[in-house]
Amino acid sequence: MDISSILQGGYQHPLSRSWQGRRQLTKSMFMYPIFITDDPEASVVIPTLPGQRRWGVNKLESFIGPLVQKGLKSVILFGVPFNCEKDGCGTPADDPCGPVIQAIKKLRVLFPSLYIACDVCLCEYTSHGHCGLLNDDGTINTQPSVQRLAEVAVNYAKAGAHCVAPSDMMDGRIKAIKRALIDANLGSKCTLMSYSAKFASALYGPFRDAAGSAPSFGDRKCYQLPPTAKGLARRAIQRDVVEGADIIMVKPALPYLDIISDAAELAPDHPLACYQVSGEFAMVHAGATAGVYDLKTMAFETTESMVRAGATLILSYFTPDFLDWLET
Ligand SMILES: NCc1[nH]cc(CCC(=O)O)c1CC(=O)O
Ligand SMILES: [Zn+2]
Ligand SMILES: [Zn+2]
């Protein structure tokens, strides 16, 4: 055997294997998405998302407390209101008595060290279920949409969110939100994480069930990116860097590892997040249940792939599991 043929000598030991990745998974890389509903006592199973529930604010202490004990560092909140009047401009999104603002305030008091991000979108709050405001013909009306999103983001930041994360994919919303945060004197207090390359994916199905946010007509293909669109994704990432994003995100994650890798090259000085979305989580579970692979092994392989591609932060429903599985 030739000298240059031998690689296995370099990874024959568990420790030398651990040196082969540029970075290893750590607990602080995981951000846990949680659904907050407006019944304060709610703890409602979501059938398509194994182990996940819709929580009421009064349940947050007993639900989140043990996770913080195990090393949970950050959460991202999604509001799921039922007892509210949804309208054309998503008025319930920043209702001071609504689930998100109530949850931010409660979590800040209960867990002072926990980093609290909030998803910013309108689809959970609009009567039509789209992520922005619409023209009469049903198309997106961009200018008022970004104004409204900026208003919501500022209200989450005022309530105490450490990070606002717009997932709507309206053009120009990063610049509008950054400007509004600065004007509210929150520019240096709140991180802006952009869902920059968010694709129109079939993998959001369980989330839309959980959040009741499926559009009442049409689809999201005029604002979420086509799965083939590498160039558009690259342009969206570069635009959001210029517009003032503090963190860039790619979503979904596993089918878009090439985009994560592109983002790492295009925005090398930014943290890079990816979202292992609801359908990816459900797929990993379904395969394990079908006996295709071991759940834990596959959870590691999928998320380690994301880190290998360049991700430094992973939004995942596996977060509580990784708090058990990882040492640090
Ligand atoms: N803007 C809404 C939103 N924010 C996060 C997700 C998906 C998250 C997941 O599937 O876990 C979605 C769904 C969508 O755009 O339809
Ligand atoms: Zn939306
Ligand atoms: Zn959203």
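For ligands, and for the atoms within them, numbers begin at 1 and follow the listed sequence. Heads up: numbering here begins at 1 and tracks the sequence.
Cation-pi check for Lys198 over Tyr275 is not met; the charged atom does not lie both under 6.0 angstrom from the ring centroid and within 45 degrees of its normal.
Those atoms of ligand 1 with a heavy atom of Tyr317 less than 4.0 angstrom away are 9 (C), 11 (O). Under a 4.0 Å criterion applied to the non-hydrogen atoms of Phe78, ligand 1 contributes the atoms 4 (N), 5 (C). Under a 4.0 Å criterion applied to the non-hydrogen atoms of Lys198, ligand 1 contributes the atoms 1 (N), 2 (C), 3 (C), 4 (N), 12 (C), 14 (C), 15 (O). Counting the atoms of ligand 1 from 1 in the order shown, those under 4.0 Å from a heavy atom of Lys251 are 3 (C), 4 (N), 5 (C), 6 (C), 7 (C), 8 (C), 12 (C). For ligand 1, the atoms lying closer than 4.0 Å to a non-hydrogen atom of Arg208 are 14 (C), 16 (O). For ligand 1, the atoms closer than 4.0 angstrom to any heavy atom of Cys121 are 1 (N). Atoms of ligand 1 found under 4.0 Å from any heavy atom of Cys123 (numbered from 1 in listed order, with element): 1 (N), 2 (C).
A single hydrophobic cluster is not seen to contain both Ile64 and Val44; linkage of ILVMFWY side chains at heavy-atom distances under 4.5 Å, directly or through other members, places them apart. Tracing side-chain contacts under 4.5 Å through hydrophobic residues (I, L, V, M, F, W, Y), one reaches Leu295 starting from Tyr293; they form part of the same cluster. At a threshold of 4.5 Å between side-chain heavy atoms, the hydrophobic network of Ile, Leu, Val, Met, Phe, Trp and Tyr places Val109 and Tyr115 in two separate groups.
Taking the side chain as every heavy atom from C-beta outward, Ile36 and Val100 never approach each other to under 4.5 Å.
Relative ring orientation between Phe30 and Phe322 is described as parallel, the plane-to-plane angle staying below 30° on a 0-90° scale split at 30° and 60°. Below 30°, between 30° and 60°, or above 60°: for His130 and Tyr223 the angle between ring planes is above 60°, a perpendicular geometry. Using bins of under 30°, 30° to 60° and over 60° for the plane-to-plane angle, the ring pair Phe318/His285 lands in the parallel bin.
Shown here for Ala197 and Ala233, the closest heavy-atom pair between the two residues is CB-CB, 4.0 Å.
Ligand 1 has no N or O atom lying under 3.5 Å from any N or O atom of Tyr204, backbone or side chain. Of the N or O atoms in Glu124, none lie within a sub-3.5 Å distance of an N or O in ligand 1. Polar contact with ligand 1: absent for Tyr195 (N/O pair, distance under 3.5 Å). Between Ser213 and ligand 1, a contact under 3.5 Å exists for no N or O pair.
Both the backbone and the side chain of Ser278 come within 4.0 Å of ligand 1, judged by heavy-atom distances. Residue Phe281 does not touch ligand 1, judged by heavy-atom distances below 4.0 Å. Contact annotation for Asp119 and ligand 1: only side-chain heavy atoms (C-beta onward) come within less than 4.0 Å of the ligand. With a heavy-atom cut-off of 4.0 Å, Ser167 touches ligand 1 through backbone and side chain alike.
Here the side chain of Lys70 pairs no donor or acceptor atom with the backbone of Asp321 at under 3.5 angstrom. In terms of modelled atom types and a separation under 3.5 Å, the side chain of His128 and the main chain of Ser216 share no donor-acceptor contact. Under a 3.5 Å cut-off, the side chain of Ser261 and the backbone N or O of Leu257 do not form any donor-acceptor pair.
Contact analysis puts Arg220 in contact with ligand 1, with a non-hydrogen atom separation below 4.0 angstrom. Not a single heavy atom of Met169 sits less than 4.0 Å from an atom of ligand 1.
Here Cys131 contributes SG and Cys123 contributes SG, and at the Zn ion (ligand 2) these two atoms make an angle of 110°, given to 10°.
Among the backbone and side-chain atoms of Cys121, an N/O/S atom is found under 2.8 Å from the Zn ion (ligand 2).
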